Engineer: 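This is the structure I want to talk about, given as structure tokens.
All values reported here derive from a predicted model rather than from experimental measurement. In each ligand, atom 1 is the first atom listed, and ligand 1 is the first ligand listed.
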Amino acid sequence: MKLRRWTAVAAVAVATAAVLNTLPATASRPYDPTAQSLGALGQRHGLYIGTAVDMDALADPNNPKYRQLAASEFSSVTAENVMKWESLEPTRGNYNWAQADALVDFARRNGQRVRGHVLVWHNQVPGWLTSGVADGSITRTELRELLRRHITTVVSRYRGRIWQWDVVNEAVSDPWDTPPTLHYKGFWAQHLGPGYIADAFRWARAADPKALLFYNDYNIEAFGSGDPANDKTQFVYDMARRLLAEGVPIDGVGSQGHLGTQYPNYDTFQVTAALKRFSALGLATAFTEVDVRSRLTDGVLAGDAEEINPRLQASAANFSVLMKACLADRHCLSYTVWGFTDRHSWVPGTFKDPPQGMATLYDEQYRPKRAYQEIRSDLVFAGPPYVLPRATHRPRR
Ligand code: 9MR
């Protein structure tokens, strides 16, 4: 029965994909994928191609190209910063929705989906909250209630308008932290214990029954040793499996995809295997913050092509590995880049010593790089029988 159902699903999927793949081509108008945006190419697979949006850049009247590309090239958008708690509630009790609303409106005007980022994270928490906890004026019970209220308020406001929410972000330590044995880290685990994770998903579900609820983290692109004491992917996998077993309404795991050309990184099969292990749990997957940074050596800064070319090629390869892996897992619903132009990227401001940059798909003059062309070619040349249209995911009750 199961096999028969799968065969039927596969047959329909192959037929649909075959139609989609041939539809645009007619004798008079040959199919020209090079004329299509990333978003349009993704639609062939039911895959959404997103970008994080810098709201200052979007609003800048002297930066029309940013707006134009954000609107035309992508089928999904994410707030790079304006849905974080410190932006939404800078002073206690006073929510400032203007920027977050502006992004949701922008998406609606442009027919884009929205990935909500982020409900619970240890960074960009408002000062009044951290200082209240530090000086004891906010007790543990009050802190939990404040978190419940925050999640409920934000998710309710955008109920029905957010496709995927990053409910909990970066809850797990890294092997370079102290102690090196992987553990739940940061402000929330410290003050509420790891139970806040299940609570957060339940509160988010109560406020929006239809949004897909994600756990989101970095350095989980591939499995390592398999030992949850030092393999972060394994740790997150075990966590997700436990949450599911407890009936917690988690719908997906987002792999951020912050890579660098100076690192060994992963091949397509390693990344595909990781996505498929997560989706075998019944979860959706997504790449949520893809960028590939490079060291800006003296040669790069001086414009030496021999230093620049290998970096552009390595960046293209890494963007492409994640895209191919996403295409190979039917449950990988979206591929979001963390900014699309080097003109607006978090990388140079964060990695200064030694300097890093060149992390996105377009250079500072909005010229598309080789990475942009490679992920487009991945979208163009992928198809059945191996790559099937996206699976449907319904919010878990
Ligand atoms: O890109 C964001 C940058 O503008 C902020 O200053 C920074 C603050 O920590 O957060 C950046 O976005 C992060 C995202 O929210 C979560 N994953 C890591 C991203 C890069 O740091």
Engineer: List ligand 1 atoms under 4.0 Å from His258, heavy atoms only on the residue side.
Structural biologist: 18 (C), 19 (C)
Engineer: Atom 1 (O) of ligand 1: which protein heavy atom is closest, and how many Å away?
Structural biologist: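 The closest one turns out to be Glu80 OE2, 2.5 Å.
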Engineer: Which protein non-hydrogen atom lies closest to atom 8 (C) of ligand 1, naming both residue and atom, and how far is it?
Structural biologist: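 Result for atom 8 (C) of ligand 1: Gln124 OE1, 3.1 Å.
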Engineer: Nearest protein heavy-atom contact for atom 14 (C) of ligand 1: which residue, which atom, what distance?
Structural biologist: His117 NE2, 3.4 Å
Engineer: Considering only non-hydrogen protein atoms, determine which one is nearest to atom 6 (O) of ligand 1 and report residue, atom name and distance to 0.1 Å.
Structural biologist: Asn81 OD1, 4.4 Å
Engineer: Which ligand 1 atoms are under 4.0 Å away from a heavy-atom of Glu170?
Structural biologist: 16 (C), 17 (N), 18 (C)
Engineer: What part of Thr350, side chain from CB on, backbone N/CA/C/O, both or neither, has a heavy atom under 4.0 Å from ligand 1?
Structural biologist: neither
Engineer: Nearest protein heavy atom to atom 18 (C) of ligand 1, by residue and atom, and its distance?
Structural biologist: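 Scanning the protein heavy atoms, the shortest distance from atom 18 (C) of ligand 1 goes to Glu289 OE1, 3.2 Å.
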Engineer: Can you classify the ring geometry of Trp85 versus Trp128 as parallel (below 30°), tilted (30 to 60°) or perpendicular (above 60°)?
Structural biologist: perpendicular
Engineer: Between Asp227 and Ser225, do the side chains contain an N or O donor and an N or O acceptor separated by less than 3.5 Å?
Structural biologist: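 Judged by distance alone, the side chains do not pair up.
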Engineer: So, does Trp338 sit close enough to ligand 1 that a heavy atom of it is under 4.0 Å from the ligand?
Structural biologist: yes
Engineer: Ring-plane angle category for Tyr362 and Tyr372, please: parallel below 30°, perpendicular beyond 60°, tilted otherwise.
Structural biologist: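 Ring orientation of Tyr362 relative to Tyr372: tilted.
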Engineer: I'd like to check which ligand 1 atoms, numbered from 1 as shown, lie under 4.0 Å from a non-hydrogen atom of Gln256.
Structural biologist: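 Near Gln256, the atoms of ligand 1 are 17 (N), 18 (C).
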Engineer: Any luck finding a side-chain donor-acceptor pair between Gln124 and Asn81 under 3.5 Å?
Structural biologist: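 Yes, side-chain donor-acceptor contact under 3.5 Å.
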Engineer: Which protein non-hydrogen atom lies closest to atom 10 (O) of ligand 1, naming both residue and atom, and how far is it?
Structural biologist: Lys84 NZ, 3.2 Å
Engineer: How are the rings of Phe235 and Tyr184 set to each other: parallel, tilted or perpendicular (split at 30° and 60°)?
Structural biologist: perpendicular
Engineer: Using a distance-only test with no angle check, is there a side-chain donor-acceptor pair under 3.5 angstrom linking Ser315 and Asn318?
Structural biologist: no
Engineer: Does the ring centre of His258 sit less than 6.0 Å away from the ring centre of Trp346?
Structural biologist: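 Ring centroids of Trp346 and His258 are less than 6.0 Å from each other.
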Engineer: Tell me if the centroids of the rings in Phe187 and Trp121 come within less than 6.0 Å of each other.
Structural biologist: no
Engineer: What atoms of ligand 1 come closer than 4.0 angstrom to any heavy atom of Asn169?
Structural biologist: 16 (C)
